[in-house]
Amino acid sequence: MSNIFRIAVLTAGFVFLYAPIAILAAMSFNASRLVSVWGGFSTKWYAALLENEPLIESTKISLAAAVLSAAIATFLGLLAAVALARFGAFRSRMLFFGAVHAPLVLPEVVLGLALLSCFVALGIGRGFATLVIGHVTLTMCFTTVALLSALRSCDLALEEAAMDLGATPLQAFALVALPQIAPALMSAFLLAFTLSLDDLVIASFATGPGATTLPMRIFSQVRLGVSPQINAISTLLLGTVALALGGSALVMQAGKRRGL
């Protein structure tokens with residue numbers, strides 16, 4: 001009886017979480033223009049996306065911002081992780097640790113408003129560059145956490161052996177430590193990419209009229225009514241995020257197997 005109850009609760013939980021996503025994906029193949037009426041199976045709304053210039057442009061902006069911000073956030077996260085893992089208890093370590101991890105606990109609205117105030121105070125016009133800055137600020141803390149954990153699990157004896165054989169500390173880190181944390185680097189990049197791609201709040205504060213992201217475009221159009229094309233582009237966005245997260249999980253699993 002207890003097993004049946006557990007299975008029922010687990011099933012109800014999965015249905016509650018994923019049923020709306022499944023319905024969204026199913027309705028993207030609805031032949032009817034009315035999203036509340038099933039008119040048969042059709043892929044015409046995916047073909048219609050190719051003629052929707054605003055959505056295509058917003059998709060390009062979102063992908064470009066996600067790739068660029070993820071790369072920068074991964075690099076900065078690596079530097080922060082190295083400082084926290086290898087530099088010992090330096091004087092401002094706790095302040096630095098808190099500053100790096102602050103976006104993890106700050107509400108996105110507060111972080112977005114802070115970024116907006118900073119841009120206005122500095123006289124920086126909002127656009128693609130400020131969008132990337134905002135997403136780097138949001139995602140760097142996540143990459144730092146992932147890479148810090150990976151660095152702490154590295155075997156320092158291997159780097160010391162490399163330095164005993166004549167390598168500089170930088171060469172030992174690049175040739176010994178980086179290959180060990182390569183799966184974590186890829187995972188951190190994919191995580192930052194995913195967070196940037198589906199962000200709405202930070203982008204609403206950090207970007208300007210010339211750099212409307214895909215989530216912002218979808219949100220603005222949904223307020224006027226849900227169209228089948230919105231269902232289609234949302235399904236594609238969900239698929240992209242799922243592939244990124246799945247790739248991250250596979251990379252991390254492969255790294256663990258090599259570690260064994």
Side-chain angles (χ1 to χ4, degrees), residues 20-21 24-25 27-28 35 45-46 48-77 102-104 106-120 122-143 188-248:
I21 297 176
L24 170 67
M27 294 305 292
S28 68
V35 295
W45 303 117
Y46 288 90
L49 287 176
L50 299 177
E51 302 176 0
N52 195 322
E53 289 297 331
L55 280 178
I56 292 176
E57 185 64 26
S58 295
T59 302
K60 292 178 180 178
I61 292 172
S62 289
L63 290 174
V67 171
L68 184 56
S69 63
I72 297 174
T74 302
F75 176 71
L76 295 179
L104 283 171
L106 278 177
E108 288 192 25
V109 173
V110 175
L111 181 59
L113 185 58
L115 288 169
L116 175 61
S117 301
C118 180
F119 296 146
V120 172
L122 297 176
I124 301 175
R126 288 180 295 157
F128 182 79
T130 54
L131 172 64
V132 172
I133 292 172
H135 283 177
V136 169
T137 305
L138 172 67
T139 58
M140 178 185 164
C141 57
F142 294 93
T143 60
F189 175 84
L190 292 174
L191 178 60
F193 175 84
T194 302
L195 291 172
S196 173
L197 189 63
D198 68 358
D199 172 70
L200 172 64
V201 178
I202 299 297
S204 300
F205 286 98
T207 191
T212 302
T213 63
L214 182 58
M216 292 175 63
R217 180 76 64 184
I218 292 174
F219 182 74
S220 63
Q221 293 189 11
V222 166
R223 295 174 65 183
L224 303 177
V226 180
S227 70
Q229 289 189 39
I230 295 298
N231 288 337
I233 193 67
S234 298
T235 302
L236 291 176
L237 182 60
L238 287 169
T240 302
V241 172
L243 287 175
L245 292 177
S248 176

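A quick note: this is a predicted structure, and the numbers were derived from the prediction, not measured. For reference, positions follow the sequence shown, starting with 1.
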Taking only distance into account, with no hydrogens and no angle test, what donor-acceptor pairs under 3.5 Å do side-chain atoms of residues 196-205 form with protein atoms, sequence neighbours excluded?
{"from": "Ser196", "atom 1": "OG", "to": "Ser69", "atom 2": "OG", "distance (Å)": "3.2"}
{"from": "Ser196", "atom 1": "OG", "to": "His135", "atom 2": "ND1", "distance (Å)": "2.7"}
{"from": "Asp199", "atom 1": "OD1", "to": "Ile202", "atom 2": "N", "distance (Å)": "3.4"}
{"from": "Asp199", "atom 1": "OD2", "to": "His135", "atom 2": "NE2", "distance (Å)": "3.0"}
{"from": "Asp199", "atom 1": "OD2", "to": "Ile202", "atom 2": "N", "distance (Å)": "3.3"}
{"from": "Asp199", "atom 1": "OD2", "to": "Ala203", "atom 2": "N", "distance (Å)": "2.8"}
{"from": "Ser204", "atom 1": "OG", "to": "Leu200", "atom 2": "O", "distance (Å)": "2.7"}

For residues 209-219, dump all side-chain donor-acceptor pairs below 3.5 Å to protein atoms at least two apart in sequence or in another chain.
{"from": "Arg217", "atom 1": "NE", "to": "Ser58", "atom 2": "OG", "distance (Å)": "3.0"}
{"from": "Arg217", "atom 1": "NH2", "to": "Ser58", "atom 2": "OG", "distance (Å)": "3.4"}

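Between atom CH2 of residue Trp45 and atom CD1 of residue Ile230 there is a gap of 12.0 Å, rounded to the nearest 0.5 Å. Between atom CG of residue Leu190 and atom CG of residue Leu243 there is a gap of 10.5 Å, rounded to the nearest 0.5 Å. For the atom pair CG (Leu236) and CD1 (Ile233), the distance works out to 5.0 Å, reported to the nearest 0.5 Å. Atom CD1 in Ile124 sits 10.5 Å away from atom CG in Leu115 (nearest 0.5 Å). A distance of 11.5 Å separates OG1 in Thr207 from CD1 in Ile133, rounded to the nearest 0.5 Å. Atom OG of Ser62 sits about 10.5 Å away from atom CG of Leu55, to the nearest 0.5 Å.
Residues meeting the side-chain contact (heavy atoms from CB on, under 4.5 Å) test with Val120, sequence neighbours left out: Leu116. With sequence neighbours excluded, the residues satisfying side-chain contact (heavy atoms from CB on, under 4.5 Å) with Ile72 are Leu68, Leu76, Val132, Val136. Leu50 is linked by a side-chain contact (heavy atoms from CB on, under 4.5 Å) to nothing, counting only residues two or more places apart in sequence or in another chain. Applying the ring-ring contact (aromatic ring centres under 6.0 Å, His included) criterion to Tyr46, with sequence neighbours excluded, gives Phe29. Partners of Phe142 under the side-chain contact (heavy atoms from CB on, under 4.5 Å) rule, at least two apart in sequence or in another chain, are Leu104, Leu191, Leu195.
Although no hydrogens or angles enter the test, the distance criterion places no donor-acceptor pair under 3.5 Å between the side chain of Thr235 and the main chain of Ser28.
Summarising the geometry of Ile61 relative to Phe128, their closest heavy-atom pair is O-CE1, 3.9 Å, with the distance given to 0.1 Å.
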